[in-house]
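Notes follow once the structure below has been shown.
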Amino acid sequence: MAAKYTADLHIHTLLSPCAEIEMIPPLIVAQAVEIGLDLIAITDHNSAENVRAVMGAAAGSPLKVLPGLEVESVEGVHVICLFDKPEDAESMQELVYTSLPNLPNQSDKLGEQMVVTAEAEFVRYNERLLLASTMLSIDQIVDAAVERSGIAVPAHVDRRGYGLYGVLGFWPEGLNCSAVEISRRATAESIRQSHPDLGGRAIISSSDAHMLMDIGLCRTTFQLERRSVGELRLAFEGKDGRSVEGCVTPSTVGADSEA
Amino acid sequence: MELQTLAKELNLVQVAGLKDGVEVTGGYTSDLMSDVLGQAKKGDVWITNQKHLNVIAVASLLGLSGVIIAGGMKPDENALEKAQQENVNVFVTDLSAFEVVGRLYSLGVRG
């Protein structure tokens, strides 16, 4: 039987240089639980090195954490890649690492990229420049995620910067994604109106939180049997009783119905 | 001015489209398709580092005189195919977009 779950599928930790230092596993989990989220995904820029820590911090809590990453395509579009197992996210990370420019992070200009434990103990700095585009096209990112039993969702498609519609203008022919994510500035209704080429694809909304108070600022409610990638895939396609129920963004009053 | 004349002056390599009789009436440079869709004009030659399929679609949609893919970038296979099918004039160059725009401007092309 499917049940209602509320999710925020785009959250950064302090591994992303642009994220606040407060984005440590115990506080992310605590905040998510506090505001009533059932499911979150950890999606740092081009890396998954903190996913196990957040999953660990959530052990024993009612919160489910999916390991993921936010990959930047060669075109400059951000794509959220979500997985069930940390090993699959790490495999995606390995591909991404081979595809990033071989440059070091400039922490004084961009911020620190910190790898931590579930208890927020410092492990090391990630020295690689993560705020960069890979050489992977959007198609390649989507295919790679699927090959690793994951799912890819173009992130904040309404955004001019790094959003699919801003960068590519319209839906690229042949791109195989069943859902897109909108930012806090859009509503499901507004994006369907301005981009009819979205067709029947599902729309989700997530916070892209870089600070604690933004967690759950945008959220999506789903009908799922379990909190897993497979269930999300079914929900995006509206199959077998699973569905995307609605998006809640600051622009909406209550949930935007997807019906 | 003639696209071919400009291409010759800048040593651009043509990878798709017509060889003759293409008139360039202006120029535009941007890597964001949403920006090009809103701002570029028919007859403009467009300089970009982007190499994906939508570049060709946008150029065709707007009736641009040509696309110069700069910075050593090479069009994606599906982009090249579409350009050849639709006769979109596409050039590649190792010159940076900045260099290309500067040289076109000195040859009289205006935004």
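From a predicted model like this one, the values you see are computed outputs, not experimental measurements.
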**Asked** Tell me the salt bridge (charged side-chain N to carboxylate O under 4.0 Å, His left out) pairs involving residues 96-111 of chain B, sequence neighbours left out?
**Response** Glu99(B)-Arg103(B)

**Prompt:** Of all the residues in residues 2-18 of chain B, which have a heavy atom that comes within less than 4.5 Å of a heavy atom in chain A?
**Reply:** none

May I have a table of the donor-acceptor pairs connecting chain B and chain A at distances under 3.5 Å?
residue: Met33(B); atom: N; partner: Val167(A); partner atom: O; Å: 2.9
residue: Ser34(B); atom: N; partner: Gly166(A); partner atom: O; Å: 3.2
residue: Ser34(B); atom: OG; partner: Gly166(A); partner atom: O; Å: 2.7
residue: Gln50(B); atom: NE2; partner: Glu75(A); partner atom: O; Å: 2.9
residue: Asn54(B); atom: ND2; partner: Leu168(A); partner atom: O; Å: 2.7
residue: Asn54(B); atom: ND2; partner: Phe170(A); partner atom: O; Å: 2.9

**Qualifying residues under side-chain contact (heavy atoms from CB on, under 4.5 Å), relative to Pro196(A), sequence neighbours excluded** = none

